[in-house]
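Right, one structure below, let's go through it.
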Amino acid sequence: MTDDVPPTSAPVTTSGLAGERAKRLDKVATLRQAGTNPYPYRFDRSHTVAQLREAHGDLEAGQETDERVQVAGRMLLKREQGKLIFATIRERESEVQLFVSKAVVGEEAFAAFADLDLGDWVGVDGTVMTTRKGELSVQVITFQLLSKAVRPLPDKWHGLSDTDTRFRQRYADLIVTESARRAFRIRHEVIASFRRTLHEHDYVEVETPVLHVEAGGAHARPFLTHHNALDMPLFLRIALELHLKRLIVGGMDRVFEIGRVFRNEGVSTRHNPEFTMMELYQAYADYTEMIAITTELITRAAQDATGTTVVDIDGTSVDLAQPWRQAKMTDLTSAAVGEEVHPSMPRPALVAIAERHGVVAAPSWGTGKLVEELFEATVEASLIAPTFVTGHPVEISPLARTDRHDPHLTERFELFVGGRELANGYSELNDPLEQRARFEDEQRAKEAGNAEAGTVDEDYLRALEYGLPPTGGLGIGMDRVAMLLAGVSSIKEVVLFPTLRPEVWE
RNA sequence: GCCCCUCUAGCUCAAUGGCAGAGCAGUGGACUUUUAAUCCAUUGGUUCAGGGUUCGAGCCCCUGGGGGGGCACCA
């Protein structure tokens, strides 16, 4: 749905959106005729609004100073009071009041200020003062319209509640929805915190291709595109893994990337077709170091982004600074179903257990896949406090190293918080012969009809043949960490422009 | 893909199957310390679209569309 009006349409009414827009466009034309550019090129500030508050926030009520300042922001509120106008402007998260007196600015400028609309960007030159009630203000001497808003803002008090509008018109959402600004601020702090932690640990940040000849490193349906000049199909990456491990082979022994990955799957409160992963790889380490750094990254991000390590997970208060539980997938699943579950068991036995728990086994599933499906059906949603689930079956972990104590399992973990998977890591498989065999299993599964299964990546195998040192690897879903720390339940609240069907423009 | 909910003025929301309304925004007026300013007056509607039932549909039914939630999918 669209409320839009073609920009060339003549005003047909005097009210409603079309009328409001026409009125404001009229003001633009009038300003131009008077030689004033309603969209000037620049404005020089002496202070940001935050700096102004920092410098003068302690001024007592009823003070007028000679301190001359130039500040700017978007006008959000205007209170006209006879020969005075009070207006509130916001710049980033800081607001300040403008105090406009007809006696100070003169008739003409006063009328021009009164003619400003909510939503206009304005720059002012004036003196610092406080009102009788103590509100820090700038007594305006001169002002300049910095950009005319020709479309009205949503309700100044209720803001936007229609999610359609909030997600499609994120610009309007950010203007009027404080909680949205907060969520994206937290997201920013989380990513900045991750980078700080990783740089302290001497990781090198790299960028690897988004366009892949083969979409490997995870089980997911890829997006397919086409390169014209080379006349070849290309996939958008579904993971960062395989290129980053090539770099470990090359001697970059601690690397990470924070990047967008793409999975051609359903949209839900937990899934957006494009989302942000952080993956890191560290030579000489195994999965135990990956568990340690996962904890450090997320705990520090919580502290940096929210000022506390205590998070609220669906009404439960959890202190991330407390040790996180660690448990084997087979143990958790066995406990949940009340009998032993392990990928070494005969397949019919596992199929029978699965059916008792409402899991319909596909013919292609081996015992490892059955164990995982049982885990997802009986355990996953109950993992509210942070829990490292370890020991995933080999069948579902084609890039992870076999457990040194159990040939059916891998040295792998996934971190669950609030019933959601946040991270995944393992001791990396570095034996090129075993990796080839695992790839060939994947290839067979794909040929048997599993669209998410991988293929044999010959170049990756060649890299392994040069020698990948013992390596630990980790992937963290940044959107989900942001969700956790922002306390929101939909991924759309932490993705600025979530994937939506296209709007119809009539 | 399936199920449920939802869509009314620019925004936030009302309206037993019986004259489509309020607040904010806008417009006009009053006001030199307001701060969601206040007070008086006031403009503004293809009720998502199309079809049907009915004397009469914003409301009931059908089809389609957008969004949300759930399921499926997503190791």
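Chain letters run A, B, ... following the sequence lines, proteins first and then strands; every chain starts at 1.
Between the base of B/U35 and the side chain of A/Glu135 there is a donor-acceptor pair shorter than 3.5 Å. Judged by atom type and distance alone, A/Asp155 reaches the base of B/G23 through a side-chain donor-acceptor pair under 3.5 Å. Donor-acceptor pairing under 3.5 Å, judged by distance alone, is present between the side chain of A/Thr131 and the base of B/U34.
Mapped onto RNA chain B by nearest heavy atom, A/His158 and A/Ser268 fall at different nucleotides, with A/His158 at the one closer to the 5' end. Residue A/Arg501 is the one, among A/Val267 and A/Arg501, whose nearest nucleotide of RNA chain B lies closer to the 5' end (criterion: closest heavy atom).
Atom-to-atom, CD of A/Gln81 to P of B/U34 comes out at 7 Å; the value is rounded to the nearest Å. Taking atom CG of A/Leu17 as the reference point, atom C1' of B/G10 lies 5 Å away to the nearest angstrom. What separates NE2 of A/His271 from C1' of B/G68 is a distance of 17 Å, to the nearest Å. Atom pair A/Glu265:CD and B/C74:P shows a separation of 7 Å (rounding to whole Å applied).
A/Gly368 comes within 4.0 angstrom of no nucleic acid atom, judged by non-hydrogen atoms across all strands. Heavy atoms of A/Ile85 sit nowhere under 4.0 angstrom from any nucleic acid atom. Residue-level contact check: A/Arg24 touches neither bases nor backbone, having no heavy atom under 4.0 Å from any strand. Nucleic acid contact for A/Asn424: base, since at least one base atom lies under 4.0 Å from a heavy atom of the residue. At the heavy-atom level, A/Thr163 lies under 4.0 Å from the strands shown only through sugar-phosphate atoms. Looking at heavy-atom distances under 4.0 Å, A/Glu376 makes contact with sugar-phosphate atoms alone, never a base. Backbone-only contact: A/Lys156 has heavy atoms under 4.0 Å from sugar-phosphate atoms and none from a base.
Judged purely by distance below 3.5 Å, without hydrogens or angles, the side chains of A/Thr127 and A/Arg68 never pair a donor atom with an acceptor atom. For the residue pair A/Arg151 / A/Gln169, no side-chain donor-acceptor distance below 3.5 Å is found, with atom types taken as modelled.
Considering A/His271, A/Lys492, A/Arg187, A/Arg270 as possible partners of A/Asp479, the one that fulfils the side-chain hydrogen bond (donor to acceptor under 3.5 Å, both in side chains) test is A/Arg187.
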Going by atom type alone, with no hydrogens or angles, which donor-acceptor pairs under 3.5 Å involve a side-chain atom of residues 56-66 of chain A and a protein atom two or more places apart or on another chain?
| unit_1 | atom_1 | unit_2 | atom_2 | d |
| --- | --- | --- | --- | --- |
| A/Thr65 | OG1 | A/Glu67 | N | 3.2 |
| A/Thr65 | OG1 | A/Val128 | O | 2.6 |

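The closest donor-acceptor contact from the side chain of A/Arg325 to the backbone of A/Phe388 lies at 3.5 Å or more, if one exists at all.
In the set B/A37, B/U12, B/G66, B/G66 carries the atom at the smallest distance from any side-chain atom of A/Arg168. Residue A/Glu80 places its side chain closer to B/C31 than to any other of B/U34, B/C31, B/A37.
Of the residues in residues 93-111 of chain A, those with a non-hydrogen atom less than 4.0 angstrom from any atom of RNA chain B are A/Gln97, A/Phe99, A/Ala103.
Across every strand in view, B/U33 sits unpaired, with no contact that passes the Watson-Crick or G-U test at under 3.5 angstrom.
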